Amino acid sequence: MSVLTPSRPVLARHGWVQAVAVVLAGLVAMGVLAALGLWAAGAADLPDGAFPRVVAATVVTAVGGTIELSGDAGGLAESDAGLTVIPLSVTLTGALVLAAGFLRPLRHRAVASIRELAGWAARIAVLWLAALLALSFAARQTFSLSLSDLGADELGDLGDLGDLFGVSFEVGFTTDVPATVFFGLLWLAGVLVLALLVARGAPLPGRLLRFQESVRPAAYAMVVMLLAWVALGAVVGVVVAATRGHAAETFAVILLGLPNVVWLALTLGLGATWNGRVDGPFGLPMPHVLDEVLRGEEVAALNLRTLAEHDGRVWWLVAVDALLLLVAAFVMARRSPARMRPWEHPLHLATALALTVLMICLVGRVSAEYGLSVLGIGDLGGDLGGEVFLRPELWAAVGLALAWGLVAGLVASLLALRVRHRGEVTTHAEG
């Protein structure tokens with residue numbers, strides 16, 4: 001007669017081979033999504049085989065790196081350009097893949113030492129650093145253009161003048177390597193820390209276990225809410241592409257910047273105001289009501305009131321925010337321990353929502369300027385230049401998020417009395 005003893009769980013290894021797989025998976029996912037989005041936007045037709053370099057530049061900006069635009073129009077002309085925007089669809093995809101790969105070997109345990117977690121994260125960071133350097137040196141390109149390439153009909157007499165003097169210019173982009181390495185590593189650290197905060201099954205050092213009950217339910221609820229906004233936006237985008245035309249443009253926005261649009265809508269539904277301007281031949285890609293509000297004035301306010309003047313349906317954003325916050329409150333109540341005091345739910349959810357809105361305001365900014373003048377004509381503006389920018393009224397948005405979070409947290413405290421909490425064991429008395 002043999003005695004069966006419970007076997008110890010086999011823990012997944014997390015050495016250099018596994019770290020290579022995690023980093024490669026993240027890069028491939030980001031690169032494929034960026035390539036598809038840029039292809040839908042028409043970037044595959046760029047001259048000089050620039051498409052792979054533009055894809056690399058997109059991945060660089062997605063992780064917080066800095067791309068510098070340059071222009072050289074010779075002695076008879078001058079050019080100026082700048083661009084700051086994060087393609088958050090690519091960012092979100094990379095974050096989800098890297099977080100999943102980081103957490104996978106750490107499953108089936110409640111506790112892990114600081115040394116183990118730091119060693120596993122360091123392996124990924126070293127390889128990520130190498131990837132950032134490779135992307136930084138790959139994301140460089142220069143294009144040679146003449147004024148006639150911009151279209152004679154748009155330039156008129158200025159185009160004839162440029163052709164007369166043989167004016168041509170070079171435009172291109174390059175990577176700020178130190179800034180890219182710094183912000184890319186900072187982004188990776190944020191992703192890994194957030195993964196540990198959100199994932200219920202992720203082990204923590206023993207000294208930090210007492211914080212998981214207060215932090216993890218609210219952090220997980222915010223991630224659910226953000227992903228719900230993205231899923232809702234994807235459904236709306238597909239419907240728009242199928243029914244209203246401009247399918248390529250719509251899919252380019254979905255693949256490159258869907259969170260930029262839907263998380264902006266989240267803050268607007270809370271009552272936040274963004275200030276911006278659209279000037280020149282280019283503008284914000286979608287939805288077009290944003291372009292209508294921001295175009296023409298020096299600085300225009302973008303909020304529910306100004307949007308409603310063009311499309312009254314924007315008031316539905318308030319209802320969507322309320323509904324998804326109720327879902328987040330339920331998720332937090334479901335995952336919180338039953339012993340949590342009622343006043344803690346509003347405090348935790350308000351803090352989490354305020355930090356979430358702060359993050360959106362920091363990464364959702366848009367800034368672009370471009371211009372060309374020939375012999376002083378054009379003045380870096382008119383048909384040859386323009387400006388697009390969008391920035392939030394930051395602390396007002398955070399304050400509104402605190403207020404909404406307190407109200408939703410009160411709902412969560414009521415729900416906590418009525419829902420079965422995650423991990424509870426019900427007992428039945430035997431009669």
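In this text, all values refer to a predicted model and were calculated from it rather than measured experimentally. We count residues from 1, following the sequence as given.
- With contacts defined as side-chain heavy-atom distances shorter than 4.5 Å, the pair Val63/Met30 qualifies.
- Here the straight-line distance linking atom CG of Leu294 with atom CZ of Phe389 works out to 8.5 Å at 0.5 Å rounding.
- A donor-acceptor contact shorter than 3.5 Å is absent between the side chain of Asp176 and the backbone of Thr66.
- The structure places CG of Leu390 at 6.0 Å from CG of Leu264, a figure rounded to the nearest 0.5 Å.
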Dump the intermediate steps for side-chain contact (heavy atoms from CB on, under 4.5 Å) on Leu227 and Leu92, then the final yes or no. CA-CA 9 Å; Leu227 293 179; Leu92 179 62; 4.1 Å; yes
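- Side-chain contact between Val32 and Val28: present, with at least one pair of heavy atoms (C-beta onward) separated by less than 4.5 Å.
- The two atoms that bring Cys361 and Pro392 nearest to each other are CB-CG, 3.6 Å, heavy atoms only.
- Using a distance-only test at 3.5 Å, with no hydrogens or angles considered, no donor-acceptor pair links the side chain of Thr180 to the main chain of Gly65.
- In this structure, the separation between CZ on Arg341 and CG on Leu347 is 10.5 Å, given to the nearest 0.5 Å.
- Leu268 places none of its side-chain heavy atoms less than 4.5 Å from the side chain of Val314.
- Panel note: side chain Arg216, backbone Ala199; a donor-acceptor pair is recorded below 3.5 Å.
- The closest side-chain heavy-atom distance from Arg335 to Val331 is below 4.5 Å.
- Annotation for Val262 and Trp229: closest pair O-CE3, 3.6 Å, computed over non-hydrogen atoms.
- Closest approach of Trp315 and Ala308 over heavy atoms only: NE1-CB, 3.3 Å.
- Atoms CE and NE2, on Met340 and His345 in that order, are 5.5 Å from each other to the nearest 0.5 Å.
- When every heavy atom of Ser89 is checked against every heavy atom of Pro259, the shortest pair comes out as OG-CD, 3.0 Å.
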Show your working on side-chain contact (heavy atoms from CB on, under 4.5 Å) between Met225 and Leu353 and close with a plain yes or no. CA-CA 10 Å; Met225 185 186 69; Leu353 183 59; 3.8 Å; yes
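- Between the Asn260 side chain and the Leu88 main chain, a donor and an acceptor come within less than 3.5 Å of each other.
- For the pair Thr267 and Trp274, the minimum side-chain heavy-atom distance is below 4.5 Å.
- Taking all atoms of both residues into account, the shortest heavy-atom contact from Ala34 to Val59 is CB-CG2, 4.3 Å.
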Check step by step if side-chain contact (heavy atoms from CB on, under 4.5 Å) holds for Leu106 and Glu116. CA-CA 10 Å; Leu106 304 175; Glu116 179 187 4; 4.1 Å; yes
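- In terms of heavy atoms, Pro87 sits closest to Thr58 at CG-O, 3.7 Å.
- A distance-only check finds a donor-acceptor pair linking the side chain of Thr91 to the backbone of Ala62 [under 3.5 Å].
- When atom types are taken as modelled, the side chain of Trp128 and the backbone of Gly184 share a donor-acceptor pair closer than 3.5 angstrom.
- Rounding to the nearest 0.5 Å gives a distance of 11.5 Å between CZ of Phe137 and CG of Leu132.
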For Val407 and Leu325: C-alpha separation, side-chain torsions, deciding distance, then whether side-chain contact (heavy atoms from CB on, under 4.5 Å) applies. CA-CA 10 Å; Val407 174; Leu325 272 176; over 6 Å; no
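- Side chain of Trp120 to backbone of Phe102: a donor-acceptor contact under 3.5 angstrom is found.
- Leu402 CG to Leu355 CG: the interatomic distance, rounded to the nearest 0.5 Å, is 8.5 Å.
- The 12-atom threshold is not exceeded at CH2 of Trp316, counting heavy atoms of other residues, nucleotides or ligands nearer than 6.0 Å.
- Counting only distance, with no hydrogens or angles, the side chain of Arg277 and the backbone of Val388 share no donor-acceptor pair below 3.5 Å.
- Between Leu232 and Val320 the shortest side-chain heavy-atom distance falls below 4.5 Å.
- Val90 is not listed as a side-chain neighbour of Leu255, based on a closest heavy-atom distance of 4.5 Å or more.
- Annotation: side chain of Val261 is not in contact with side chain of Ile254 (no heavy-atom distance under 4.5 Å).
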